[in-house]
Amino acid sequence: MPLLFVLIFLSSYVRTAFSAHCSTTTPTKTFEKCMALPTQQASMAWTFHAHNATLDLVFFGTFISPSGWVGWGINPSSAEMTGTRALVAFPDPNSGLLVLLPFILDPTVKLQKSPPLSRPLDIQLLSSSATLYGGKMATIHNGAAVQIYATLKLVRNKTKIHMVWNRGLYVQGYSPAIHPTTSSDLSSIATIDVLYGFSAALKEDTRTLKTVHGILNAVSWGVLLPIGAVTARYLRHIQALGPTWFYVHAGIQLCAFIIGTVGFAIGIRLGELSPGVIYGLHRKLGFAAFSFGALQTLALLFRPKTTNKFRKYWKSYHHFVGYACVVLGVVNVFQGFEVMGESRSYAKLGYCLCLSTLIGACIALEVNSWVVFCRKSKEEKLRREGLIGGGSDKESGSHG
């Protein structure tokens, strides 16, 4: 029942395709094609002139702060932020009017060693400008729409471009400050074929993989693995079950590891598909949990017999690695919710309720185990003192 419950809520990972709409018309130009971008409710429109490999485009973005910035750019080599040639629009610190400046995002920008400084771009940028939606009377505020126009000369017969866009809360002088680091902001990258239009297959495949990755890992590392540990701790003391508890425990843990391995492999693939997105803590916890899980699985092959003198050392190792794997798995599931931007979702609520139910069952079973243990200890003490079992013998002897 808890597993079914968490599966139902985790299914809310599935999103609709794109929330933004696109338009080919602006107050000053009309373009041939348009597309809605997958994040930040951004979009773009463009016209590609194949005869001279010239690209006219407009990027539609929104400010998230009156003193913030909105940027759009092209990376000539790869789909990532580092190396992007960007145009950034923000209010002039002195006049408050909208300005558009060029920036080259080298590795020092990502490391935040120094604020980025505006400099000419080393691509064939023929013209560029920026306007606020609403014309000259418009003002920059939270939610204000901006249009960034650019005309580029592309390499002939090369119609795919790596596009990067983002926005930030404030500007230091004439240097844009770091943008937010949510999953949506870190995923503001797309590869576009300006000749045939944008193909959403890769983005949709990535989104589907994220959904499958999240569900598989939540079920395996976050639910099945703790259930397997619970069965080993509390079922083995029930003498009526015999060795059945061991097969139940091993079966659950093996299923959890197999499902978790599939989820782990999908996570590795997602990392390869998202070169500009790095989730350091989530990745490290994932590798640690998988390593401990693999060690636990291999430990079954080297399990000593109960009469072996090394049995106690194996048990200590098995308990330590097992509980460490459970803790790492559960912590990383919560970290995964943060990475997916689901920190306040029904999916997380469902998982929390499932985990709370399991913890409540553990507490009840632990209390019951201690009650049984204390009762047996008391009976054993009374038996040693001759207060139990000896009284009936004495009584039968007196009658004789």
message: For Arg119, is there an ion pair with Asp106 - N to carboxylate O distance below 4.0 angstrom?
response: yes

Close side-chain approach of His162 and Val164, heavy atoms under 4.5 Å: no

message: Can you confirm whether Phe60 sits close enough to Gln41 that some side-chain heavy atom of one is under 4.5 Å from a side-chain heavy atom of the other?
response: no

- prompt: For Asp122, does the CG atom sit with more than 12 other heavy atoms under 6.0 Å from it, leaving out its own atoms?
  reply: yes

query: Backbone N or O of Ala86 within a donor-acceptor pair of the Thr84 side chain at under 3.5 Å?
result: no

- prompt: Are any of the side-chain nitrogens in Glu380 or Arg375 under 4.0 Å away from the carboxylate oxygens of its partner?
  reply: no

Distance-minimising heavy-atom pair for Tyr351 and Val223: CE1-CG2, 3.9 Å

- prompt: Excluding sequence neighbours, so at least two apart, what forms salt bridge (Lys or Arg N to Asp or Glu O under 4.0 Å) with Glu32?
  reply: none

field: Donor-acceptor under 3.5 Å (Trp46 side chain, Val58 main chain)
entry: no

message: Donor-acceptor check, side chain of Asp193 to backbone of Lys160, threshold 3.5 angstrom: yes or no?
response: no

query: Using the ring of each side chain (for Trp, its six-membered ring), is Trp221 parallel, tilted or perpendicular to Phe290, with breaks at 30° and 60°?
result: perpendicular

message: Which residues end up grouped with Phe373 if you chain together Ile, Leu, Val, Met, Phe, Trp and Tyr wherever their side-chain heavy atoms are less than 4.5 Å apart?
response: Trp370

- prompt: Can a cation-pi geometry be assigned to Arg303 and Phe246, taking NZ or CZ under 6.0 Å from the six-membered ring centre and within 45° of the ring axis?
  reply: yes

- request: State whether the side chain of Thr54 and the backbone N or O of Lys153 hold a donor-acceptor pair below 3.5 Å, judged by distance alone.
  value: no

query: When you measure from the side chain of Ser95 to the backbone N and O of Asp92, does any donor-acceptor pair fall under 3.5 Å?
result: no

task: For the pair Arg236 (side chain) and Thr231 (backbone), establish whether a donor and an acceptor sit closer than 3.5 Å, ignoring hydrogens and angles.
output: no

message: Looking only at side-chain N and O atoms, does Asn94 offer a donor or acceptor that is under 3.5 Å from a partner on Tyr174?
response: yes

query: Would you say the side-chain atoms of Glu80 and Ser78 include a donor-acceptor pair closer than 3.5 Å?
result: yes

Sidechain-backbone polar pair: Ser175 side chain, Pro116 backbone, donor-acceptor under 3.5 Å: yes

- prompt: If you look at every heavy atom in Leu224 and Ile252, which pair is closest and at what distance?
  reply: O-CG2, 3.3 Å

message: So, applying side chain to side chain contact (heavy atoms under 4.5 Å, CB included) with Leu154, which one of Thr159, Leu195, Ile161 is it?
response: Ile161

- request: If the plane angle is over 60° it's perpendicular, under 30° parallel, otherwise tilted; pick one for Trp69 and His179.
  value: perpendicular

- prompt: Do side-chain atoms of Lys33 reach the backbone of Thr24 as a donor and acceptor pair under 3.5 angstrom?
  reply: no

query: Taking all non-hydrogen atoms of both residues, which atom of Lys210 and which atom of Ser187 are closest, and how far apart?
result: NZ-OG, 3.9 Å

message: Is the shortest side-chain heavy-atom distance between Trp165 and Gln40 below 4.5 Å?
response: yes

- request: Identify the heavy atoms of Leu298 and Phe302 that sit nearest to each other, and give their distance.
  value: O-CD1, 3.2 Å

- line: Between His282 and Gly336 the two heavy atoms that sit nearest each other are CE1-CA, 3.6 Å

